[in-house]
K.L.:
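The structure follows.
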There are 2 protein chains.
Amino acid sequence: MPKQVDYEDRRRRIAGAVCLLIARSGMESVSLRDVATEAGVSMGAVQRCFRTKDEMLLFALEDISQRIGERAKARIETSDAPRSATTLLDRTLSALALVDPEDRAEAQVWGAFVAHAAVSEHLAAVLRETYAKLHDLLVWLLGYGRDTGELSAILDPPAEARALLALTEGLTAQVLVGHQTPESARDVLERYVRGLMA
Amino acid sequence: MPKQVDYEDRRRRIAGAVCLLIARSGMESVSLRDVATEAGVSMGAVQRCFRTKDEMLLFALEDISQRIGERAKARIETSDAPRSATTLLDRTLSALALVDPEDRAEAQVWGAFVAHAAVSEHLAAVLRETYAKLHDLLVWLLGYGRDTGELSAILDPPAEARALLALTEGLTAQVLVGHQTPESARDVLERYVRGLMA
DNA sequence: GACATTCCGATGCGGCCGCATCGGAATGGA
DNA sequence: TCCATTCCGATGCGGCCGCATCGGAATGTC
């Protein structure tokens with residue numbers, strides 16, 4: 001058995017380079033050459049990892065989707081003190097909205113993929129899967145809050161979760177473009193959650 | 001004075017071709033050649049109308065922005081019967097959310113420009129202007145509803161308008177990707193407006 | 001150290017890109 | 001009709017694109 005390589009790791013490093021390039025100058029300026037340079041490997045290595053460019057982009061989306069999903073879950077599970085449902089909800093939504101300056105790059109990449117998914121069914125499928133997971137997470141949080149009596153008993157968790165997820169997505173885009181500031185976006189979320197309280 | 005041409009009209013026809021191509025296969029596959037073909041003119045004519053490709057895209061965004069803004073206003077002004085503020089609000093939001101199947105192409109184009117604006121300050125400026133106008137429209141509607149007593153007197157119109165605009169944007173994206181159906185999106189909007197009622 | 005196998009850097013190919021150029025068609029006034 | 005002016009279709013240029021190819025470097029086994 002000669003020369004072996006950790007493809008999984010290299011794939012992720014290449015995905016990182018893809019995201020960096022998207023954040024720097026948009027989806028349409030992502031070329032295999034630039035990705036290879038940015039990742040510090042040769043074009044040949046990139047081609048060995050991914051049969052086509054589309055495959056590479058798909059992997060990059062799966063990678064960033066997973067990262068966002070896991071980060072949202074982590075915000076809940078790593079709460080050292082027992083927190084109120086509304087606090088958990090607020091923290092989770094803030095994480096999903098990607099409005100903080102340090103999340104800007106990730107928000108750009110996410111938006112680029114969402115737009116591209118409109119003309120690529122493969123990408124759209126990955127996004128739907130991610131949205132579904134986030135939806136379930138929010139449904140659970142809302143149900144939990146209702147059970148503890150913090151949130152209004154009237155609310156319909158699935159319907160509210162759809163609204164919340166759409167709201168965070170919209171806020172992400174609007175902060176990105178500069179129509180809202182990170183502060184105003186957080187304020188919108190805070191007000192919304194307050195409106196859900198019993 | 002020899003040969004004269006209605007540039008404004010041609011510009012708009014070219015912008016239409018740009019939008020059609022974006023809807024068909026995404027922003028990154030918009031080339032001057034394809035645009036010219038789609039618009040039924042030669043590349044030279046396109047180049048005469050727009051000095052660069054970026055200028056052409058900018059104009060296309062301005063065109064579609066104007067169309068969306070005017071359509072939203074038209075939905076209010078053309079109400080033949082005196083309608084309730086909540087009905088007006090609901091109709092306006094439905095128009096802005098671009099969730100109906102016949103709006104799909106427009107939603108795709110809008111999303112593509114939003115994503116591209118993340119790396120193009122010129123485009124972002126146009127989007128901010130459009131968002132500002134839509135925001136003002138919603139503020140007016142909310143204030144009107146509050147004055148007539150239909151909407152809760154507690155609400156803060158500017159803050160609510162920010163939430164509503166973000167919500168419609170998010171719904172547009174999620175319907176586009178297929179995470180929500182047009183029906184569920186309209187349901188989210190209807191529920192939200194109902195929650196604002198006094 | 002010889003070898004089998006895996007890996008990949010370098011290179012080439014055909015094609016499309018945005019943009020510049022320019023000769024001639026089109027047009028309206030003198 | 002003739003001309004001045006506007007317009008633009010055709011063409012070319014340099015460059016980047018995704019992808020295919022292949023000779024040889026790297027590496028673990030015997």
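What you are looking at is a predicted structure, and each value in this text was computed from that prediction instead of being measured.
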K.L.:
List, by chain and then residue number, the residues other than Val99(A) in its hydrophobic cluster (Ile/Leu/Val/Met/Phe/Trp/Tyr, side-chain heavy atoms under 4.5 Å); write none if there are no others.
P.N.:
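When side chains under 4.5 Å apart are linked, the cluster holding Val99(A) also contains Val175(A).
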
K.L.:
Would you mind listing every salt bridge (charged side-chain N to carboxylate O under 4.0 Å, His left out) that reaches into residues 13-40 of chain B, with sequence neighbours excluded?
P.N.:
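For residues 13-40 of chain B, and leaving out neighbouring residues, the salt bridge (charged side-chain N to carboxylate O under 4.0 Å, His left out) pairs sorted by first residue read Arg24(B)-Glu38(B).
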
K.L.:
Return the set of residues passing side chain to side chain contact (heavy atoms under 4.5 Å, CB included) with Ser65(A) (not counting sequence neighbours), or none when no residue passes.
P.N.:
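For Ser65(A) the side chain to side chain contact (heavy atoms under 4.5 Å, CB included) partners, ignoring immediate neighbours, are Leu61(A), Trp110(A), Val126(A), Thr130(A).
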
K.L.:
Might you list the N or O atoms of the protein lying below 3.5 Å from N or O atoms in nucleotides 13-17 of chain C, with each pair's distance?
P.N.:
unit_1: dC17(C); atom_1: OP1; unit_2: Ser31(B); atom_2: OG; d: 2.8

K.L.:
How would you label the contact of Tyr7(A) with the nucleic acid (heavy atoms, under 4.0 Å): base, sugar-phosphate, or nothing?
P.N.:
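The residue Tyr7(A) makes sugar-phosphate contact but no base contact.
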
K.L.:
With both distances under 3.5 angstrom, what nucleotide forms a Watson-Crick or G-U wobble pair with dC22(D)?
P.N.:
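Base-paired to dG9(C).
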
K.L.:
Taking CD from Glu55(B) and C1' from dG18(C), how many angstroms apart are they, rounded to a whole number?
P.N.:
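The distance from CD of Glu55(B) to C1' of dG18(C) comes to 14 Å, rounded to the nearest Å.
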
K.L.:
Tell me: CD1 of Ile14(B) to P of dG18(C), nearest whole Å?
P.N.:
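Computing the Ile14(B):CD1 to dG18(C):P distance gives 14 Å.
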
K.L.:
What residues, two or more places apart in sequence or in another chain, satisfy salt bridge (Lys or Arg N to Asp or Glu O under 4.0 Å) together with Asp63(B)?
P.N.:
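Asp63(B) satisfies salt bridge (Lys or Arg N to Asp or Glu O under 4.0 Å) with Arg67(B) only.
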
K.L.:
Can you work out whether Arg51(A) or Arg10(B) has the more 5'-proximal nearest nucleotide on DNA chain D?
P.N.:
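Its nucleotide being nearer the 5' end, the pick is Arg10(B).
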
K.L.:
Nearest whole angstrom, please: distance from the C1' of dG12(D) to the CE of Met43(B).
P.N.:
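Atom CE in Met43(B) sits about 11 Å away from atom C1' in dG12(D).
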
K.L.:
Count the heavy atoms belonging to other residues, nucleotides or ligands that lie under 6.0 Å from CD of Glu55(B), then report whether that count exceeds 12.
P.N.:
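Yes, enclosed.
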
K.L.:
Give the rounded distance in Å between these two atoms: CZ of Arg48(B) and C1' of dG23(C).
P.N.:
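Answer to the nearest Å: 14 Å.
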
K.L.:
For Glu28(B) and dG18(D), what is the distance between atoms CD and P respectively, to the nearest whole Å?
P.N.:
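In whole Å, dG18(D) P and Glu28(B) CD are 11 Å from each other.
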
K.L.:
Can you pull the salt bridge (charged side-chain N to carboxylate O under 4.0 Å, His left out) pairs that have at least one residue in residues 139-162 of chain B, sequence neighbours excluded?
P.N.:
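Listed once each, the pairs are Arg191(A)-Asp156(B).
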
K.L.:
Taking CZ from Arg11(A) and C1' from dC7(C), how many angstroms apart are they, rounded to a whole number?
P.N.:
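Distance check: Arg11(A) CZ to dC7(C) C1' gives 14 Å.
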
K.L.:
Hey, can you pull the residues of residues 16-24 of chain A with a non-hydrogen atom under 4.0 angstrom from DNA chain C?
P.N.:
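The answer is none.
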
K.L.:
Do Ile22(B) and Leu20(B) land in one hydrophobic cluster if side-chain heavy atoms of ILVMFWY residues count as linked below 4.5 Å?
P.N.:
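As far as the 4.5 Å side-chain criterion goes, Leu20(B) and Ile22(B) are not connected within one cluster.
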
K.L.:
Could you tell me which residues satisfy side chain to side chain donor-acceptor pair (under 3.5 Å) with Asp100(A), sequence neighbours excluded, listed by chain and number?
P.N.:
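Asp100(A): side chain to side chain donor-acceptor pair (under 3.5 Å) contacts with Arg186(A).
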
K.L.:
Among residues at least two apart in sequence or on other chains, which ones pass ring-ring contact (aromatic ring centres under 6.0 Å, His included) with Tyr192(A)?
P.N.:
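Tyr192(B).
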
